[in-house]
Number of protein chains: 2
Amino acid sequence: MKGYDKYAFEPFAVTVDLAVLTIRAGRLQVLLVERGQEPYAGRWALPGGFVLPDESAETAARRELAEETGLADVSGLHLEQLRTYSEPDRDPRMRVVSVAYTALLPDAPEPRGGGDAARARWLPYDGAGPLAFDHDRILADAHDRIGAKLEYTCLATAFCPPEFTLGELQLVYETVWGTELDRPNFRRKVLATSGFVEAVPGAARLTGGRGKPAALYRAGPATALHPPLLRPSREGRSS
Amino acid sequence: MKGYDKYAFEPFAVTVDLAVLTIRAGRLQVLLVERGQEPYAGRWALPGGFVLPDESAETAARRELAEETGLADVSGLHLEQLRTYSEPDRDPRMRVVSVAYTALLPDAPEPRGGGDAARARWLPYDGAGPLAFDHDRILADAHDRIGAKLEYTCLATAFCPPEFTLGELQLVYETVWGTELDRPNFRRKVLATSGFVEAVPGAARLTGGRGKPAALYRAGPATALHPPLLRPSREGRSS
DNA sequence: CTTTTTATAGTCCTACTGACCATTAAGAAG
DNA sequence: CTTCTTAATGGTCAGTAGGACTATAAAAAG
């Protein structure tokens with residue numbers, strides 16, 4: 001940051017890449033676009049695009065998110081900067097520095113190719129195959145980040161519609177972590193954390209479920225979980 | 001990432017900014033350089049510089065770290081990407097996208113102006129005053145990140161020399177968090193976390209301390225803390 | 001030798017959590 | 001209508017982690 005004039009600097013292209021995650025059919029799914037040209041023609045890639053001259057990366061990410069998902073209103077969606085990927089050879093054509101973002105969606109409308117994406121669709125996170133560029137790495141980083149943030153933040157509600165049952169919330173944890181959780185314990189923990197969820201007064205979800213109808217909850221005002229909701233047995237416990 | 005040729009894109013300058021933190025005299029301190037020219041002439045700023053054409057941002061950050069600190073070997077230091085700042089008006093001269101990194105140092109040699117930094121020195125984190133550009137924000141983000149990572153990673157050892165006492169390790173937590181911790185409890189917790197620290201067989205620190213000499217420890221192979229070491233009373237506890 | 005200082009060891013009690021079991025309320029099957 | 005199944009909800013119980021606190025050990029300072 002000192003003495004620009006004394007430096008020669010290369011101009012870089014700056015892009016954003018989006019790891020858009022949702023839960024469909026009990027599986028973690030990713031929004032991907034099919035590349036129509038070289039390099040990596042025919043391969044799936046994360047949606048993204050250039051940051052325009054008067055945009056911040058955040059603004060560009062939200063614009064791309066709207067274009068790729070076709071959603072009218074993306075202002076309420078969770079969008080979070082992941083990290084920046086800047087290896088000199090990550091794009092064979094030119095020097096591209098990419099700021100990656102992760103977005104979480106509750107429901108999952110099939111994307112209409114709103115932007116200029118050749119073909120966009122949801123694919124399961126497992127078996128999304130080798131992606132173009134370094135997008136496998138970006139996607140894995142996004143998964144790691146989300147899995148970790150579920151432990152100590154209220155992020156899980158970002159995967160849920162405005163009103164949801166505790167079973168749906170638990171499914172978020174189980175799907176992202178790939179583990180099963182004890183339902184009564186999960187329930188006790190979530191309800192004991194003030195501000196995580198709020199009961200919707202007289203509502204219950206009656207939509208075709210077979211068992212007892214579940215009570216509905218809304219996301220509460222809290223953002224952090226204290227104490228955290230740790231995933232079971234990541235490595236050897238202490239003591 | 002699709003159809004570069006169909007897009008016009010603006011070239012951006014890409015820089016790295018470094019929030020280099022250490023603990024000196026029981027206080028959290030930051031490495032800052034004094035700006036010699038407009039804008040923000042005379043103000044303190046985070047060290048940093050342009051990413052060169054054949055470098056990744058990580059490589060550039062490590063190069064700048066070596067230049068600014070004057071340390072011969074920075075390969076062992078903890079260097080971690082923080083996030084990227086890309087507001088269009090963050091530098092009044094031109095469009096600059098900056099990838100911010102946080103580095104942690106154990107001891108703190110006074111920086112010799114190795115690079116072209118007009119004047120570089122350690123300043124206390126509190127009272128580092130308003131910095132140039134958006135560097136106050138970057139520095140605050142770095143502090144938040146480090147404070148959070150102390151809870152669930154073994155990062156604290158990055159602030160310590162190769163061999164350290166548990167008292168020194170506790171001082172890291174207390175300094176970054178700005179809280180006091182109970183010494184026996186901290187000790188019990190750290191020693192119960194396998195892989196956090198390893199005892200150095202027959203060593204004790206005798207350097208002028210007044211009380212009982214403390215045993216020495218090394219950083220262990222673990223990187224994560226399970227269960228985490230939560231800082232006291234951030235907000236209202238649950239239940 | 002006594003005091004001070006710091007490290008280390010141990011105790012007690014509460015809260016959180018994992019592993020269970022029981023009950024309730026719906027639909028499905030007979 | 002009764003019974004079975006399914007899922008939500010309510011509860012128990014023991015093990016454990018962690019906060020508060022006391023006690024002992026080993027050095028320097030007086």
Side-chain angles (χ1 to χ4, degrees), chain A residues 26 150-152 160 163-174 177 179-194 196-197 199-200 202-217 224-239, chain B residues 26 150-152 160 163-174 177 179-194 196-197 199-200 202-217 224-239:
Chain A
L150 286 188
E151 291 193 328
Y152 56 95
C160 295
E163 298 189 344
F164 53 87
T165 69
L166 293 186
E168 291 167 349
L169 188 66
Q170 182 177 346
L171 187 65
V172 171
Y173 280 87
E174 293 179 332
W177 286 349
T179 61
E180 295 211 339
L181 300 175
D182 181 79
R183 196 177 280 265
N185 289 343
F186 178 82
R187 176 186 185 73
R188 183 219 295 158
K189 173 69 185 176
V190 169
L191 294 179
T193 304
S194 71
F196 191 1
V197 297
V200 178
R205 172 152 297 175
L206 299 167
T207 50
R210 271 198 298 285
K212 177 175 175 178
L216 287 177
Y217 295 85
L225 252 49
H226 279 280
L229 206 164
L230 300 177
R231 72 188 99 179
S233 70
R234 248 203 301 207
E235 53 184 341
R237 288 305 177 83
S238 55
S239 85
Chain B
L150 287 187
E151 292 193 327
Y152 56 95
C160 295
E163 298 190 343
F164 51 88
T165 68
L166 293 187
E168 290 166 349
L169 188 66
Q170 182 176 347
L171 187 64
V172 171
Y173 280 87
E174 293 180 332
W177 286 349
T179 61
E180 296 211 338
L181 300 175
D182 180 80
R183 196 177 281 263
N185 290 343
F186 178 82
R187 176 186 185 74
R188 183 219 297 161
K189 173 71 184 175
V190 170
L191 294 180
T193 304
S194 71
F196 191 1
V197 297
V200 177
R205 174 150 296 174
L206 298 167
T207 49
R210 269 197 301 284
K212 179 176 174 178
L216 287 177
Y217 294 85
L225 252 50
H226 280 281
L229 206 164
L230 299 177
R231 73 188 98 178
S233 69
R234 245 199 307 202
E235 51 183 342
R237 288 301 176 86
S238 55
S239 86

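Each chain gets a letter, A, B and so on, in the order the sequences are listed, and its residues count up from 1.
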Point to revise | D/dG18 OP1/OP2 closer than 4.0 Å to side-chain N/O of B/K189 | key: yes

**Study point:** Residue pair A/F164 / A/V172, side-chain heavy-atom distance below 4.5 Å
**Key:** no

Practice item. Measure the distance from CD on B/Q170 to C1' on C/dT8 and round it to the nearest whole Å. Key: 13 Å

Review point. When the distance from CG of A/L230 to C1' of D/dA17 is rounded to whole Å, what number comes out?
Key: 12 Å

Practice item. Please name all residues satisfying side chain to side chain donor-acceptor pair (under 3.5 Å) with A/R183, sequence neighbours left out, ordered by chain then number. Key: none

Study note, to complete from the structure: Here the distance between atom P of D/dG18 and atom OH of B/Y173, to the nearest Å, is 12 Å

Check your understanding: Does any non-hydrogen side-chain atom of B/L229 lie less than 4.5 Å from one of B/Y173?
Key -> yes

Exercise for review: Kindly write out the residues that satisfy side chain to side chain donor-acceptor pair (under 3.5 Å) with A/D182, not counting sequence neighbours, or none if the list is empty.
Suggested key: A/N185

**Study point:** Pairing stems for DNA chain D [at least three consecutive pairs; Watson-Crick or G-U; under 3.5 angstrom]
**Key:** C:1-30 with D:1-30

Under 3.5 Å, which protein N or O atoms sit close to an N or O of nucleotides 1-3 of chain D? Give each pair with its distance.
none

Check your understanding: Does A/R210 make a side-chain N or O approach to OP1 or OP2 of C/dA26 shorter than 4.0 Å?
Key -> no

I'd like a list of close polar pairs between nucleotides 19-21 of chain C and the protein, N/O only, cut-off under 3.5 Å.
unit_1	atom_1	unit_2	atom_2	d
C/dA19	N7	A/N185	ND2	2.9
C/dA19	N6	A/N185	OD1	3.2
C/dA19	N6	A/R188	NH2	3.2

Practice item. Could you pull out all residues at least two apart from A/Y152 that satisfy side chain to side chain donor-acceptor pair (under 3.5 Å)? Key: B/Y152

Review point. OP1, OP2 of D/dA8 versus side-chain N and O of A/R183: anything below 4.0 Å?
Key: yes

Revision key, fill the gap. In whole angstroms, the gap separating P of C/dA7 from CZ of B/F164 amounts to 14 Å

Exercise for review: Round to the nearest Å and state the distance from B/H226 atom NE2 to C/dT17 atom C1'.
Suggested key: 16 Å

Review point. Please give, in whole Å, the distance from D/dG18 C1' to B/R187 CZ?
Key: 17 Å

